[in-house]
Amino acid sequence: MLSNFSRHSFVRVGKSSALAKSTRSFAAATQVAVREAINAAIDEEMERDESVFILGEEVAQYQGAYKVTKGLYEKYGDKRVIDTPITEMGFTGLAIGAAYKDLRPIVEFMTMNFSMQAMDQVINSAAKQYYMSAGDLACPIVFRGPNGFSAGTAAQHSQCFGAWYSSVPGLKVVSPYSSEDAKGLMKAAIRDPNPVVVLEHELMYGVSFPMSEEAMSKDFVIPIGQAKIEIAGSDVTLISFSKTVGLCLEAAEALKGEGISAEVINLRSLRPLDRKTIIASAKKTGRVVCVEQGWPQCGICSEIAAILMETDAFNYLDAPMERVTGADVPMPYAVDLENASLPQVEDVLAAVRRTTYRKLAA
């Protein structure tokens, strides 16, 4: 077995205390870290269905590069929790073949950046198989791992694959924000008969959120394709996914002091998008600001802009939609340049002020 020690030099876990604040209150809520929620989802589904197994680099004896698979190797053994060599194309192809033969693999990429080594397998072998076999051969498989920017890892290890993968017919793509999102969407992905890409966020693994008694149960599943309104509002709609949902929640709180009521939508699912919720909110508020860490061209926010232009939601808009995205550059290594390349709360506030005509200039 090859060691992944060399890859650890590229990876470190960050913290974000601001994102740990609850966005909902529960009568009997339990604080659960995102990594623990994902672990619980995988554990429950492996216990429920013997055809589910997980493989990837260091998922077994090391218990995962981010400890997401902690305890699974001891519980299920080396037939269902499998350490692989550093060969994404190889073990992804192996897993897809297993999915063709009635198993349900979970493929962990140590980071979604490394999934590029297996892009041909994911897109040409997994996503298209059901269509090309005229519905005879399904591919129930999950591809998961950290996505988006990671502190101090530079251009090759700090990018969002939301737009990349969600452009592919045959794939479903989800990107959780909170612990409830992480658990419910992971369980839905494992049970789905289609290939599902789960885009987690490295800097969210250690962040804890309250989970309701319902979410803690083994029956809790969040349907793929269903967005969540984190905060209801009347003046402007903030749309985002993954870590930047927290950015929108911070902005919404700040905007209260300016007399602006912001509605915050957590997309959760990137393919399919919850068009109904997006359109209904745009009609309700008349103004939309979309936030993502990915690049501006051909991004998730670009797709949402197209939805607003191509439906009757356009007739309800009182201002042009604004996008707040990552800078159109490879991610810099220097921390000041890295921060300048990513959306900040002030960027969201400035966009809202423009759409609400509180401030017309940038």
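Checking side-chain atoms of T153 against main-chain N and O of S150 turns up a donor-acceptor pair under 3.5 Å. A donor-acceptor pair under 3.5 Å is absent between the side-chain atoms of D328 and the main chain of Q297, judged by distance alone.
When side chains are defined from C-beta on, L72 counts as touching I42, because their heavy atoms get closer than 4.5 Å. In this structure, V107 and F91 have side chains that are in contact, with non-hydrogen atoms separated by less than 4.5 Å. At least one side-chain heavy atom of I265 sits under 4.5 Å from a side-chain heavy atom of T237. Using a 4.5 Å heavy-atom cutoff, the side chains of I229 and V264 are not in contact.
Ring geometry for Y177 against F209 counts as perpendicular: the plane angle is over 60°, on a 0 to 90° scale with 30° as the lower cut.
Heavy atoms of other residues, nucleotides or ligands lying less than 6.0 angstrom from CE of M309 number more than 12.
In summary, E346 and R353 engage in a salt bridge, as defined by a charged side-chain N under 4.0 Å from a carboxylate O. Taking the charged nitrogens against the carboxylate oxygens, K283 and D312 do have a contact shorter than 4.0 Å, which makes a salt bridge. Ion pair R323/E292 not flagged as a salt bridge, since none of the NZ, NE, NH1 or NH2 atoms sits closer than 4.0 Å to an Asp/Glu carboxylate oxygen. In summary, E200 and R35 do not engage in a salt bridge, as defined by a charged side-chain N under 4.0 Å from a carboxylate O. Salt-bridge check for K75 with D43: passed, with a basic side-chain N closer than 4.0 Å to an acidic carboxylate O. Note on E108 versus R144: salt bridge recorded, some NZ/NE/NH1/NH2 to OD/OE distance being below 4.0 Å. By the 4.0 Å N-to-carboxylate-O rule, E180 lies too far from K228 to be salt-bridged with it.
Exactly one of T244, L349, V289, V352 qualifies for a side-chain contact (heavy atoms from CB on, under 4.5 Å) with V324. That residue is V289. The only member of M112, K172, R271 that meets side-chain contact (heavy atoms from CB on, under 4.5 Å) when paired with Y165 is M112.
If you check the side chains of N113 and T111, you find a donor sitting under 3.5 Å from an acceptor.
Between F53 and Y76, the ring center distance fails the sub-6.0 Å criterion. In this structure, the ring of H201 has its center less than 6.0 angstrom from the ring center of F149.
Cation-pi geometry between K284 and Y316 is not met at under 6.0 angstrom from the ring centre and within 45 degrees of the axis.
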Handout entry: ring pair (Phe, Tyr, Trp, His ring centres under 6.0 Å) between F109 and F114, intermediate numbers included
Key = CA-CA 6 Å; F109 294 116; F114 300 155; 8.8 Å; no
